[in-house]
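A quick note: this is a predicted structure, and the numbers were derived from the prediction, not measured.
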Amino acid sequence: MRRIGLVLGAGGVVGQAYHAGVLAALENDLRWDPRDSEVIVGTSSGSITASLLRSGVPAAELAAWTVRAPLSTEGQVLEDLFGTETPRFEPFRPRDLIRRPPSLPGRHMVQHALMRPWSFRPMTAALALLAPGRTDVTEHLRSLRQVEGEGWPDRDLWVCAVRRRDGRRVVFGRPGAPDVPLSRAVAASCAVPGYFAPVPIDGHGYVDGGAHSPTNAATLWKRSLELVIVVSPMSGPSGLPRDPYGTTRWHAARLLRREARALRAQGTSVVVFQPGAAEQELMGNDFMSNARVAQIVQASFLAAGAHAASPEVQQLLRG
């Protein structure tokens with residue numbers, strides 16, 4: 001079996017729909033089961049999808065639940081966990097995140113900037129310092145406790161979050177990371193700065209891992225994998241951005257190119273799936289909207305199948 005890593009990036013509710021469509025296409029067209037990945041890296045909404053895969057839910061069932069299609073026995077757990085409707089959240093408006101004054105950087109963040117300037121990311125620090133949101137994301141993810149069993153999955157699952165105190169990325173599930181319940185780690189990874197309240201773990205507040213990188217594919221740099229498949233809902237075209245939403249996608253695509261370049265430099269093949277113009281139009285600018293999740297699944301399924309069918313991608317995917 002090939003050593004394959006799967007990276008599932010941030011993207012909110014629409015990002016989860018995008019994950020479902022892409023992974024279902026890979027499962028259907030290539031007869032490759034994403035659950036067979038040697039390691040799965042999840043960030044924000046990607047950590048939810050990753051946790052469900054590691055709990056045994058097939059990719060096709062994630063897509064079926066999103067579009068309200070009948071579920072198999074394996075997929076029935078989705079209705080048991082989340083019911084029959086995708087969750088509803090307040091609209092995501094970036095301007096709302098900066099209306100309240102942010103926190104001032106503390107001693108640990110200043111030390112991080114001075115002692116390790118090569119790893120300090122000013123934008124990550126700025127997002128970590130945003131005034132905390134008022135919604136508790138742990139309440140929305142309470143049902144994930146049912147898939148925890150007696151601990152983390154046997155196969156590697158890495159969940160990325162950012163510690164507010166110093167702006168550092170923490171990869172839960174990786175050796176050396178704090179030992180926390182899976183549902184707590186996922187909640188921390190999903191705590192969008194300024195939108196959700198930070199998640200306390202061992203006396204420290206944690207926010208969305210997307211504040212560091214929307215994909216965090218660089219965490220696999222020393223894993224010596226043959227292939228890394230990246231599903232990045234927040235990436236976009238490489239042209240100049242025209243608005244805040246375009247800037248977000250441009251920034252995500254820029255970071256992903258850098259991470260993919262580093263992986264390829266060490267001999268790891270990388271295949272990236274990111275929304276094209278049609279999928280982006282359906283996803284819109286509100287990452288937390290569930291208005292068109294069924295259409296997003298369908299569009300991403302078709303687009304991912306077409307991308308996977310191209311000769312160069314076929315060669316990489318089939319080895």
* To do: Would you give the length of the straight line joining atom OH of Tyr206 to atom CZ of Arg165, rounded to the nearest 0.5 angstrom?
  => 8.0 Å
* Measure the acute angle between the ring planes of His112 and Phe120, then classify it against the limits of 30° and 60° as parallel, tilted or perpendicular. => perpendicular
* Would Val231 end up clustered with Val297 when hydrophobic side chains under 4.5 Å apart are linked, directly or stepwise? -> no
* Asked: Is there any side chain to side chain donor-acceptor pair (under 3.5 Å) pair reaching into residues 288-300, and which pairs are they, with sequence neighbours excluded?
  -> Thr86-Asn290
* Asked: Is there a path of hydrophobic side-chain contacts, each under 4.5 Å between heavy atoms of I, L, V, M, F, W or Y residues, that connects Leu78 with Val22?
  -> yes
* Intermediate values then yes/no, side chain to side chain contact (heavy atoms under 4.5 Å, CB included), Ile4 and Glu226 -> CA-CA 6 Å; Ile4 299 177; Glu226 296 176 60; 5.9 Å; no
* Asked: Listed by chain and number, what are the ring pair (Phe, Tyr, Trp, His ring centres under 6.0 Å) partners of His108, not counting sequence neighbours?
  -> none
* Do Asp33 and Pro58 have side-chain heavy atoms sitting under 4.5 Å apart? -> no
* Sub-4.5 Å side-chain heavy-atom contact between Asp166 and Gln111 -> no
* **side chain to side chain contact (heavy atoms under 4.5 Å, CB included) assessment of Arg121 paired with Ser213** => CA-CA 10 Å; Arg121 294 190 175 185; Ser213 164; 4.0 Å; yes
* To do: For residues Ala309 and Gln314, report the shortest heavy-atom separation together with the two atoms involved.
  => O-CG, 3.6 Å
* hydrophobic_cluster_shared for Val186 and Ile201, side chain cutoff 4.5 Å -> yes
* To the nearest 0.5 angstrom, please state how far the CZ atom of Phe89 sits from the CZ atom of Phe196. => 4.5 Å
* Structure fact -> Closest non-hydrogen contact found for Thr138 with Arg184 is CG2-NH1, 3.6 Å
* Asked: With Asp286, which residues qualify under side chain to side chain donor-acceptor pair (under 3.5 Å), at least two apart?
  -> none
* Name all residues meeting the side-chain contact (heavy atoms from CB on, under 4.5 Å) criterion together with Ala308; count only those two or more places apart in sequence or in a different chain, and write none if there are none. => Leu26, Phe273, Leu317
* To do: Answer yes or no: is there a donor N or O on one side and an acceptor on the other, between the side chain of Ser189 and the main chain of Ala185, under 3.5 Å?
  => no
* Asked: Atom CG of Asn285 and atom CD of Gln280: how far apart are they, to the nearest 0.5 Å?
  -> 9.5 Å
* **pair Thr215-Val272: side-chain heavy atoms closer than 4.5 Å** => no
* Asked: Is it true that Leu220 and Val230 fall in one hydrophobic cluster, defined by side-chain heavy atoms closer than 4.5 Å?
  -> yes
* Asp179 atom CG, over 12 foreign heavy atoms within 6.0 Å -> no
* To do: For Val162, enumerate each residue passing the side-chain contact (heavy atoms from CB on, under 4.5 Å) test, keeping only those at least two apart in sequence or located in another chain.
  => Thr124, Ala128, Val207, Ala211, His212
* To the nearest 0.5 Å, what is the distance between CD1 (Ile48) and SG (Cys190)? -> 4.0 Å
* Would you say Arg3's side chain and Glu38's backbone share a donor-acceptor pair under 3.5 angstrom? -> no
* Passing option when Trp158 is tested against Asn216, Ile40, Val41 for side-chain contact (heavy atoms from CB on, under 4.5 Å) -> Val41
* Asked: Between Leu182 and Leu157, is a side chain to side chain contact (heavy atoms under 4.5 Å, CB included) present by the stated rule, with each step listed?
  -> CA-CA 9 Å; Leu182 175 58; Leu157 169 60; 3.7 Å; yes
* Asked: For Glu74 and Ser72, does a side-chain donor sit closer than 3.5 Å to a side-chain acceptor?
  -> no
* Minimum heavy-atom distance Ser37-Trp32, with the two atoms named -> OG-CZ2, 3.4 Å
* Asked: Do Leu127 and Asp208 touch side chain to side chain, with heavy atoms closer than 4.5 Å?
  -> no
* Flag if over 12 foreign heavy atoms under 6.0 Å of CD, Gln315 -> no
* Per the side-chain contact (heavy atoms from CB on, under 4.5 Å) rule, which among Pro214, Ser45, Ser44 passes with Met234? -> Pro214
* To do: Determine whether Leu23 and Leu8 make a side-chain contact, defined as any pair of heavy atoms from C-beta on separated by less than 4.5 Å.
  => yes
* **Test item: Glu279 side-chain N/O and Gly276 main-chain N/O as donor-acceptor pair under 3.5 Å** => yes
* Is His19 reaching over with its side chain to a backbone N or O of Ala59, donor-acceptor style, under 3.5 angstrom? -> no
* Determine whether Leu141 and Val170 fall in the same hydrophobic cluster, where Ile, Leu, Val, Met, Phe, Trp and Tyr are linked whenever their side-chain heavy atoms lie under 4.5 Å apart. => yes
* Close side-chain approach of Pro132 and Arg164, heavy atoms under 4.5 Å -> yes
* Taking Arg249 for the side chain and Pro233 for the main chain, is one N or O donor matched with an acceptor at less than 3.5 Å? -> yes
* To do: Answer yes or no: is there a side-chain heavy-atom contact under 4.5 Å between Leu52 and Thr49?
  => no
* Please go through Leu255's hydrophobic cluster and name the other residues, only I, L, V, M, F, W, Y counting, with side-chain heavy atoms under 4.5 Å joining them. => none
* Could you give the distance from CH2 (Trp221) to CD (Glu259), rounded to the nearest 0.5 Å? -> 13.0 Å
* About how many Å separate OG1 of Thr73 and CD of Glu61, when rounded to the nearest 0.5 Å? -> 9.0 Å
* Structure fact -> Correct closest heavy-atom pair for Ala24 and Ala63 would be CB-CB, 3.9 Å
* **Under 3.5 Å side-chain donor-acceptor pair for Thr135 and Glu90** => no
* **Flag for Glu79-Gln76: side-chain donor and acceptor within less than 3.5 Å** => yes
* Asked: What's the shortest heavy-atom distance between Pro34 and Glu27, and which atoms?
  -> CD-OE2, 4.1 Å
* Applying side chain to side chain contact (heavy atoms under 4.5 Å, CB included), run through Trp152 and Val159 and close with a yes or a no. => CA-CA 11 Å; Trp152 283 64; Val159 175; 3.9 Å; yes
* Locate the shortest heavy-atom distance separating Arg35 from Arg155; write the atom from each residue and the value. => O-NH1, 3.5 Å
* So, the side chain of Thr268 versus the backbone of Leu225: is there a donor-acceptor pair under 3.5 Å, distance only? -> yes
* **Geometric cation-pi criterion, Arg68 with Trp65: 6.0 Å, 45°** => yes
